[in-house]
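Taking it in order: structure first as structure tokens, then the write-up.
Keep in mind that what you see is a predicted model, and the values were worked out from it rather than measured. In the text below, chain A, chain B and the rest are named by the order of the sequence lines, each starting its count at 1.
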Amino acid sequence: MTKKRKHQEDFQKVKLKVGKKKPRLENATDTNFKTKAIHLPEQLKEDGILPTNNRKLNIKDLLSQMHHYSAGVKQSALLGLKELLSQYPFIIDAHLSNILSEVAAVFTDKDSGVRIAAIRLLQFLAPKVRTEQIAPFFPLVSAHLSSAMTHISEGIQEDSLKILDILLEEYPGLLTNRCSILLKNFVELISHQQLSKKLKSREKISWMLSVNPNRRVTSQQWRLSVLVRFKKFLQALVDGSSGLEEDEGVQEQKENSQSMRNSVCISWKEHASNQQHIQLYENGGSQPRINSSFRLRSLVNVADSVEKGLSSAENLKGFIEIIIPLLIECWVEASPAQLAAPVLGNLLEPESQQLMQQVLSIIYLLWKLTKQHDETHKMETWLRMNYLADFKHHFMRHFPYSLQETIKHRKRDSYKSTKYCMTSSNSIDHLLLNLTLCDIMVSLATASTLQMDSDWLEMIRKFVTETLQYGCRLNCKQLNRLLGVTWRLMQIQQNKVATETLIKAVYVLYQQRNLLFPVRMLLLKFFSRVYEKEELSTQRIRSRSKVLTRWLTGLPQQLALLGSRNPELSNQLIETIHSAASRSNKELLESFQATASRIYDPLDGTLVLLPAESQQRLVQLVYFLPYLPTSLLSSLSRCCVMGRMSSDLAATLIGILHVRSSFAAWKCQVQDNSVNDVDYFSFLFSTLIGFSREELTSLQSIRGKPHISQSQLSPVRLYLTDLDQFLHHWAVTEVVCHSLSTIPSRSQCFDILQNGICKYLVGLAVIPDSTAGSILCAMSKLLDQACILSENLHKFLASCCYSLLYFLLTLDKEDAEHLQKRDTLWGSCISVLALVPRVLRLMLQSLQVSRVSREELPIIGQLLRLLMQHGQLRSHMVTSELLVQQIVKDIMTLKSGEVQEQWLTDLQYCFNIYLAAQPQGPSAISTGY
Amino acid sequence: MAAPMEVALVTDAAGPLCNCAVWELRSGSALPGYRGGNSGARGLALLGGEHLLGAQLGKGYIGVWELQRKDQLQQKIICPGLVTCLTASPNGLYILAGIAESIYLWEVSSGNLLAILNRHYQDVTCLCFTDDSSHFVSGGKDCLGLVWNLYSTLQAEPSEIPDPRHVWSRHSLPITDLCCGFGGPLARVATSSLDQTVKLWEISSGELLLSVLFDMGIMAVALDLSEYHMFCGGMDGSIFQVDLCAWPVQRDRAFQAERENGKVFRGHRNQVTCLSISTDGSLLLSGSHDETVRLWDVQSKQCLRTVNHKGPVTNAFIALAPANMFNADSKPAVPLPKFSKHLHGTESSDDQGADGVTLRLGIDHQRAGESYLEKADRLYSQMCSTREKNLMGDQEQLKIQVTELQDEVSALRKINKNLFDFSARLITKSAK
């Protein structure tokens, strides 16, 4: 039954009626949804699958496309490669060898578009690849480069120069390693044309002129562009091979720095505290050190550079023999003689001039290269023999080039207004041209050949002097070369008349007011070099250049005027003055003496304005001053105490003055001591006091708590100095005390000090705490059995002591600034009290308790307790026991009515322990309480 | 005496009575000193183990003692000015003296003044030879240190001033002391200066090796023989020890103050003027302006002995005791000649006769020479005696001797003739 019913349920009939909605079927599909497309632009790529560029090409595809026959495909492959590499820079590292080999291969492609794309890629690539990375592939690259350079097609040749530009920019060192091949290529690039000219003699030139006049222009331009690259290459060669070789001009300092490199500089303090160790001998320790400066190179390079490069003198000679005739021909073509002919277009002018410039600078660089060899002299004579005549004929004929050219420019301006006219920039170019020429020519002359060369040397000299005299607008680089030429000229012609005019010309320039800083620096260096040279030679011939002397004597004044405006320049000035002063140059010393008061002025002198290193040199200069007058010493002492010099430097200064004084020398030695003993003492004394008289008198009027510490029992009030000032003063004090203590007659020295104190300090109501401390310190250091103190001084010292002790005991615990003074001041007080019992006695006598306010009583109690506890003072306290006893008694009677405080019991206890334990008369007190 | 004995030679600026005190280094027992005069700073030198030279303080001459005669000066070398420093070459052949800005070079054997070197711009303060006498170094108040090659200075033409091998110009205040290490031309030189630095240089390359900056001017410097340490005497009397060979050793740094004391000798109250180290590097002798000489133990930095003097100490150095010092009977092998005041080259016009080279043999050679003469004498006398004996004896021997001699003469003649023929033949042949 149930089964049946169930069955019926399963197959129930669904009744459908009209007008009603049809019920939903259970198995109906719901189509009520919307789709959206998921767009996958590229497949998920992981291991093994390489990144691609926009055109879905990966690196392998691109590289393989480079072998395609179609130029368009290659070009697009190069473009794609660039894009890919800029997106994924890491590919560069992974595929550098492939990329480079493919790119280098298309340097010689026939299609210019491909080449341009390759150049762009290289341009993009070069800054991202370091020299070490590219070094292993460089032979390949340079091989392709040289094949491009020697290619028959002109377009490829031209583009090869662009590649060279890029490589020169980024990898000059690698390129110069392969110089033998490249140099040959360069020669071929221009001499190909020259050769063809020679072979077919006139025909080619005439043909070019007749068929297409523009063609010749192109050939000159071409030559120019080759020469520009050649010059760059040589420049790289010179830079690379000559680390130490400096421009002959002015910079000679480099050589010193060279030797400085491996010296060890340490300071004693660090060495003493074991922070710095000296290992002087390279393999002196248990382990040998391995830092060799030699590097292994690949065999290819070694073979190349050793055999054929310009490193050996012979090869260089051979190369010069090839290149210089070519250069001279280039020059002849561009020389003004031809330009002067009316046939040629004026537009050529700047180009030809550039060409000339390139020619000259290439020769200049070659000369520089020759100087790196050992047998410089031999080389120079060889050059002179072969080329002097040619050079004289071609180069020197129209020597000062600037004048002619500018006139021409002006003419052209007048009737033909071309926009090419760049007179301003050109005039500088003229100068450079002339200077390079001077450099070349001058290096051919020597002192021995003076007679023969006098004609053209005279021209050069004239040019140099004139340029110098009107040279206020020269820039640094030009001036450097100009001075180089000047220097060489002076070397060649050592008689006084010739050099004097040159120096005078430089001096005229030097005297110009508004020179740029580097220019002035150059001039200064030049002069100091000339001076040094003269110093060497004048030992034989006692004749000095007047201009140089004038320059030298002007230096101290310039230093004083310069102030703090340009520390670097001041430093150079100081250095020169120092070297002249140490050689006891009379004129300089005189003028230095005259300006010394301004340089060492404590308020606005050069000494206090300059940074610390220059200050040190200036302080050292004090040693060389021939005479140290009183006024100078007093300003020096102000400099010492004012804190604008570090305390170390002040110590140095005091040491130097000590050496200059008569106390450091041997007694019997007859010496004209420039420092008067009296002056020396007053210097030391005022440095010890640390305050000038005006400052002290102005202090007298200060009242009030934060600055002044005052007790009722002492007439001396203390002015509280800043911590910085205090520490500086204390450091100086210690040095002064030491130099006072080294003076042989101790008692006389002490008398002088005593007189000084009595005269200047006794009677003052307010004294700075540092001064009081340093006086006590000096007293304790100098005091001797032989010395007798005056009564005044005793009293003064006693009151100073009490004031200081009172100040120390009332110090606020939180007052961090003054707390640091505590130990030093306490030490100096105690040492004086221990040394001179009478001062202790006087101090105790002055403690009249009855006059004292209640607040000061505990302090007196504490003081007494401390004094009694102190080991050194105990015996003195015992001898003046009665006094102490009296004071204690007085305190007791004053405080008798009240509750006994802690300090009072402490005092009592101490008194009983230390003093009452003595046999004589302790009972009276102990019974009293 | 089996072990080499070291003595300290000390002079001070006060005592004409006892110019140079001598005491034995280890025991401190005083030996008789040298009397007369008063030696100036850096003005004491031992010459060849036979003489002692002392440049006089404030006077223009150099006093000379023979080492065994201590009571008085034996000779005075008159100089054209005050001698600021003096040294003798270790081989005893040359004397150098700094007089104002010039360095004077004498040859000991002849007394000639060989060279006057004018390259300093101010007074020369110190001079020092290398241990093989091939180079010398001079330091001056013009802050320059100059290294000279002795032989190239001697070879230079009289008209031109010889150039120093190196010029060291890195000091900025006067050089106060020099010390030359071991190793001849490869040695290292320490220079101290008022500019608060001590610098160590190399003679071979001329380069600066090391510069130590102190906080006071340094007046004296010394290197020990093995160059492990450099000792620098300061203006305030401290002596600093700089370790030249130290590996950084890891130690806890709790006691820094104490550690610093481990490198400073404290005791002098005034500037240190001279330093010297014993050959084994264990003892340090220092003289000071505070009129004391102190002997220190280098290892423990303790003062072993303090000797008080009556004036500031001008010289104090340790030397291996020369034998002549103790043997009163000894004599210098060569008496010192008279030292000339004028340059050798210019003076030669006066006495053309003495143009030849004077040769003085050294000690060994000379002794050999004397004994040779003696031997020759003895042999001669022996021969004579035999001759006499023979004369006294039989005549036959004489005859035999005569015939032998005649034979010999004829043989010689023969040889001579042969020689003559041979050479005549040669000459005639060549003429053809």
Side-chain angles (χ1 to χ4, degrees), chain A residues 256 258-281 284-287 535-536 539-540 575 578-579 581-585 616-617 620-621 623-624 648 651-652 655-656 658-659 663-671 735 738-739 741-744, chain B residues 13-14 38 40-41 57-58 82 118-119 121-122 141-144 160-161 169 172-174 188 194-196 199-200 205-217 227 232 235-237 240 242-249 251 253 256 259-260 263-264 269-271 289-290 311-312 314:
Chain A
N256 284 340
Q258 197 74 24
S259 63
M260 233 161 86
R261 193 182 295 156
N262 40 14
S263 66
V264 190
C265 290
I266 64 166
S267 80
W268 162 253
K269 273 180 194 156
E270 287 176 32
H271 177 66
S273 57
N274 273 4
Q275 285 167 2
Q276 224 171 5
H277 291 273
I278 306 169
Q279 185 56 47
L280 194 58
Y281 313 117
S286 51
Q287 310 140 311
E535 273 294 333
L536 280 184
Q539 295 214 325
R540 284 153 226 187
E575 207 158 279
H578 183 274
S579 74
S582 70
R583 283 154 195 202
S584 63
N585 183 303
Q616 177 152 23
R617 304 303 296 272
Q620 287 176 347
L621 272 179
Y623 181 87
F624 297 106
D648 284 345
T652 312
I656 285 174
H658 178 73
V659 173
F663 302 108
W666 308 102
K667 251 185 271 172
C668 325
Q669 216 152 347
V670 190
Q671 211 178 23
V735 182
H738 177 257
S739 38
S741 69
T742 54
I743 290 170
Chain B
N38 214 347
L57 193 62
L82 287 185
N118 289 310
R119 271 302 298 272
Y121 297 91
Q122 293 198 38
K141 280 191 178 171
D142 53 358
C143 322
L144 295 181
E160 63 183 76
I161 303 167
S169 57
S172 57
L173 279 180
R188 300 175 185 84
L194 279 179
D195 66 2
Q196 313 188 337
K199 295 189 196 292
L200 197 66
S205 66
E207 283 191 20
L208 174 65
L209 300 176
L210 171 76
S211 166
V212 187
L213 177 70
F214 294 86
D215 42 11
M216 67 190 70
E227 292 176 28
C232 314
M235 279 209 347
D236 74 340
F240 307 100
V242 180
D243 301 330
L244 297 181
C245 272
W247 284 100
V249 187
R251 285 186 208 142
R253 304 198 163 161
Q256 290 222 329
R259 184 89 34 91
E260 185 179 352
K263 288 185 175 174
V264 184
R269 285 181 291 105
N270 205 336
Q271 69 183 45
H289 251 314
D290 67 1
T314 51

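- Between the NZ atom in B:K141 and the OG atom in A:S584 there is a gap of 11.0 Å [rounded to 0.5 Å].
- Atom CZ of A:R617 and atom OG of B:S172 lie 5.5 Å apart (nearest 0.5 Å).
- Proximity to chain A (any heavy atom under 4.5 Å) is shown, for B:M216, by neither the backbone nor the side chain.
- In this structure, the portions of B:N270 lying under 4.5 Å from any heavy atom of chain A include both its backbone and its side chain.
- Taking all atoms of both residues into account, the shortest heavy-atom contact from B:M235 to A:H738 is O-CE1, 3.9 Å.
- In this structure, A:R583 CZ and B:S169 OG are separated by 7.5 Å, a value rounded to the nearest 0.5 Å.
- The side-chain heavy atoms of B:R269 and A:S741, taken from C-beta on, include no pair separated by under 4.5 Å.
- Only the side chain of A:I656 comes within less than 4.5 Å of a heavy atom of chain B; its backbone N, CA, C and O stay farther away.
- Contact check for A:T742 versus B:Q271: no side-chain heavy atoms found under the 4.5 Å cut-off.
- Looking at heavy atoms from C-beta onward, A:F624 lies in side-chain contact with B:C143 at the 4.5 angstrom threshold.
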